[in-house]
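Reading through the structure tokens given below for one structure.
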Amino acid sequence: MAKVDMTDVREKDVNVSDLVFKYMRPEHLPHIWCPGCGNGIIMRDVAQAIEDLKINRNNLVVVSGIGCSSRAAGYFDCSTIHTTHGRAIAFATGIKMARPELEVVVLTGDGDASAIGGNHLIHAARRNIGITVIVMNNTIYGMTGGQYSPTTPTGDYGTTAPYGNIDRPFDVALLAAAAGATYAAHGDCFHVPETTRLIRDGIAHKGFSIIEVADVCPTYYGRKNKKGSAVDMMRNQKENFVTAAQAKRMSPEELEGRYVLGVIQELDFPEYTEAYEKVIEKAQGGAK
Amino acid sequence: MAKRVLMQGNEACVEGAIAAGMRFYAGYPITPSTEIAEVSALRLPQVGGKFIQMEDELASIACAIGASATGVKAMTATSGPGFSLKQENLGYACLAEIPLVVVDVQRSGPSTGLPTSPSQGDVMMARWGTHGDHPIIVISPSSVRETYELAIRCFNLSEKYRTPVIFLMDEIVGHLREGVEIPEAGTFEIVDRPVPEHYYPKKHAYHLEEGELVPKMAPFGAGERYNVTGLLHDDTGFPTNNNKIAGDLVERLMKKIDDNYDDIVTTEEVGMEDADIALYVYGGTMRAALTAMEMARAKGFKVGIFRPVTIWPFAERELREVAKKVKRIVVAEHNYGQMLREVERVAKDDCEVRFVGKVNGTVITPEEILQKIEEA
Amino acid sequence: MKKELILNSAWCKGCGICVAFCPKGALELARGKVQRKEGTDCILCGQCELRCPDYAIFVQEKEE
């Protein structure tokens, strides 16, 4: 077995925060995303959640697919794997299955997770494999320049919906919950402490967890749909998105048109890799 | 003592793979490869390995690559339609240099085709199926016994060169039952992928010393925290737009296989010593060729067989020698002439090339090959 | 331990999110980059850091 040299040879720049230095790769920053893109905010939430949970970076694997969101994996300082479009959850399943002691986090987008990768999402949820999926839902295909996605609201515009989108949107966390996700939650970019807590609880959860985070894409979604600047889109989340605690105190009338953040499903069910350990026991007992 | 057991080709594939160290299998049921999944599901947990039935073919190969990234030898198996679906991630494993064995038990196509009928119609897909220029190693067995041995060889080559290897079986061999000598552990070579002697956090995972072609990468979770991507990348594993670095990477991937031709390419020759007619066959077609050779020799024809065991890289050097020696090569394959063109490219200046092909789901008979030997 | 606000203009893309949500109005954009607004108080609450997509503004303990 090879020796592990734990010396960290990096030098910290005074212009980099402790959190970013500890969990990210500052030499690859600033990131590629547009000004005001919410991906960076969500990435910081994930780093904070990892810090809160005291996860050893050597045991952490961040997996992503393809799209704006999926560039996030490479910015984390751990084992990172930027896979093919839609397949991040399938790769993550292999990693977790082969090495259950690793903490596996998938960073994905609405298109990656619910269109081209929708099948893997529902089946990973159904199996209850212990990975955490964070969906950066910007309701648009950003990397390719603004085509409508499975989460684009009906009536909104995209470059492939020049007359308005006639599709109905998915609620990705709800979709996964219906498929059996044992932890499913909604977060956003504005409510950072709440969303960070949801991500933290999702990672700590034994079993499949999904946190769908309402993202901000001022460049493609915002501009095409006259949603204003990144600040305007953040303000919309501030004013119209409410935490679960706030929602409890609100009347149905007050909740009309609001997006509620928080946990939508939490279940107790055997985790997949643990269940497989029992298969191994059975197979080896039966072999004698 | 080696023990002799009656085994099906698909079963031999799994047993050979386990002997080679396979401890992870992800798959999706498809005829005629399903027994590989079934036997893996039964056998892997017995040896502490893991089996998972994924939701589709794309997930199966992705899952196997993920497992392999953690240092576990992994395999997935499929047949024609499923092999089509696996192509994208095959290229990913080539570029990311993650070892993997992909079994394709070929069946008649195109499309859903004839699911239980033999074919060798995926030979070119095995070479060129995934987009972009990429290296590939493809190996094809012609008997159950050889299936066992070559499954081990597929893993060894995959590990050694950190590249996916395609085990190109066909329905003939996959569903055939034969007696197989199971060699004792320790009597055959097992190769493990190159890893660094010391793990350093943030090391350049794809770094190579002078003269090296295969990077030494630590498994995920071992302490090196590196990046893997399907984008063309530099030696840190991060995407690059530098055309020099991008070009050098693709060139190295090709060289990694091309420069090791002698290690990778194997062929078999039967009765070629005095032959002036050579049969060019591979995989399950070998069986008809052996009978055809006997029949032809009984009639006074000097017939031999040249069989590439490694299908890709193409056994060009060996074939060129054969072409210089004989007056005719008869190519027999269960397709519309996929390897025929390759054989013609190499041999047509030195000898004539005739063809026997089948695309109707039946097997090529010895008589059909004999006819091409006898005709003027 | 004393805290301080640090601005990394090399990473700032000028989206203005920190400026908009600073509870004390203590930030402004100048030539596309964030800067402290003269005559205002920064209370080192760190709201800017939480929502900066580019990690270009943060509150950290001061090196003594």
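Basis for what follows: all heavy atoms, side chains included, without hydrogens, waters or symmetry-related copies. First the proteins, then the strands, lettered A, B, ... as listed; each starts at 1. These numbers come from a predicted model, not from an experiment.
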Query raised in the report: How about Phe58(C): does its CZ atom have over 12 heavy atoms from other parts shown lying under 6.0 Å from it?
Result: yes
Query raised in the report: Are any non-hydrogen side-chain atoms of Phe21(C) and Arg235(A) less than 4.5 angstrom apart?
Result: yes
Requested in this report: Give a yes or no on this: more than 12 heavy atoms of other residues, nucleotides or ligands lie within 6.0 Å of atom NZ of Lys33(C).
Outcome: yes
Requested in this report: Pick one of side chain, backbone, both or neither for Glu49(C), based on which atoms fall under 4.5 Å of a heavy atom in chain A.
Outcome: both
Report summary line: Heavy-atom closest pair (Pro53(C) atom, Cys37(A) atom, distance to 0.1 Å) is CB-O, 3.1 Å
Query raised in the report: Checking Asn15(A) side chain against Asn8(C) main chain: does a donor-acceptor pair fall under 3.5 Å?
Result: no
Query raised in the report: Below 4.5 Å, heavy atoms only, C-beta onward: do Val16(A) and Trp11(C) meet side chain to side chain?
Result: yes
Requested in this report: Heavy atoms only, distances under 4.5 angstrom: which of Val216(A), Thr196(A), Ile41(A) has the most pairs with chain C? Name it, please.
Outcome: Ile41(A)
Requested in this report: Look at atom CZ of Phe241(A) and say whether more than 12 heavy atoms of other residues, nucleotides or ligands are closer to it than 6.0 Å.
Outcome: yes
Query - Contact origin within Ile57(C) toward chain A - heavy atom pairs under 4.5 Å - result: neither
**Report entry** Top of Met234(A), Gln48(A), Lys238(A) for chain C proximity - count of heavy-atom pairs under 4.5 angstrom
**Finding:** Met234(A)
Requested in this report: Return yes when atom CD of Glu38(C) has more than 12 non-hydrogen atoms of other residues, nucleotides or ligands closer than 6.0 Å, and no otherwise.
Outcome: no
Requested in this report: Report the distance from atom CD of Gln237(A) to atom CZ of Arg51(C), rounding to the nearest 0.5 Å.
Outcome: 10.0 Å
Query raised in the report: What closest approach, in Å, do Ala20(C) and Val231(A) show between heavy atoms, and which atom pair accounts for it?
Result: CB-CG1, 3.3 Å
Query raised in the report: Do the side chains of Ser17(A) and Gln60(C) get nearer than 4.5 Å, heavy atoms only?
Result: yes
Query raised in the report: What part of Ile17(C) lies closer than 4.5 angstrom to a heavy atom of chain A: side chain, backbone, both or neither?
Result: both
Query raised in the report: Rounded to the nearest 0.5 Å, how far does NE2 of His31(A) lie from OH of Tyr55(C)?
Result: 5.0 Å
Report summary line: Ranking Ile6(C), Leu7(C), Val19(C), Asp54(C) by heavy-atom pairs under 4.5 Å to chain A gives rank one to Asp54(C)
Requested in this report: Flag yes if more than 12 heavy atoms outside Lys12(A) fall under 6.0 Å of its NZ atom; otherwise flag no.
Outcome: yes
Query raised in the report: Side chain of Arg44(A), backbone of Leu50(C): donor and acceptor closer than 3.5 Å?
Result: no
Query raised in the report: Does Trp33(A) offer a backbone N or O that forms a donor-acceptor pair with the side chain of Lys13(C) under 3.5 Å?
Result: yes
**Report entry** For the student: nearest non-hydrogen atoms of Ala10(C) and Pro30(A), plus distance
**Finding:** O-CG, 4.4 Å
Requested in this report: Please determine, among Ile42(A), Val20(A), Leu29(A), the option with the most heavy-atom pairs under 4.5 Å with chain C.
Outcome: Leu29(A)
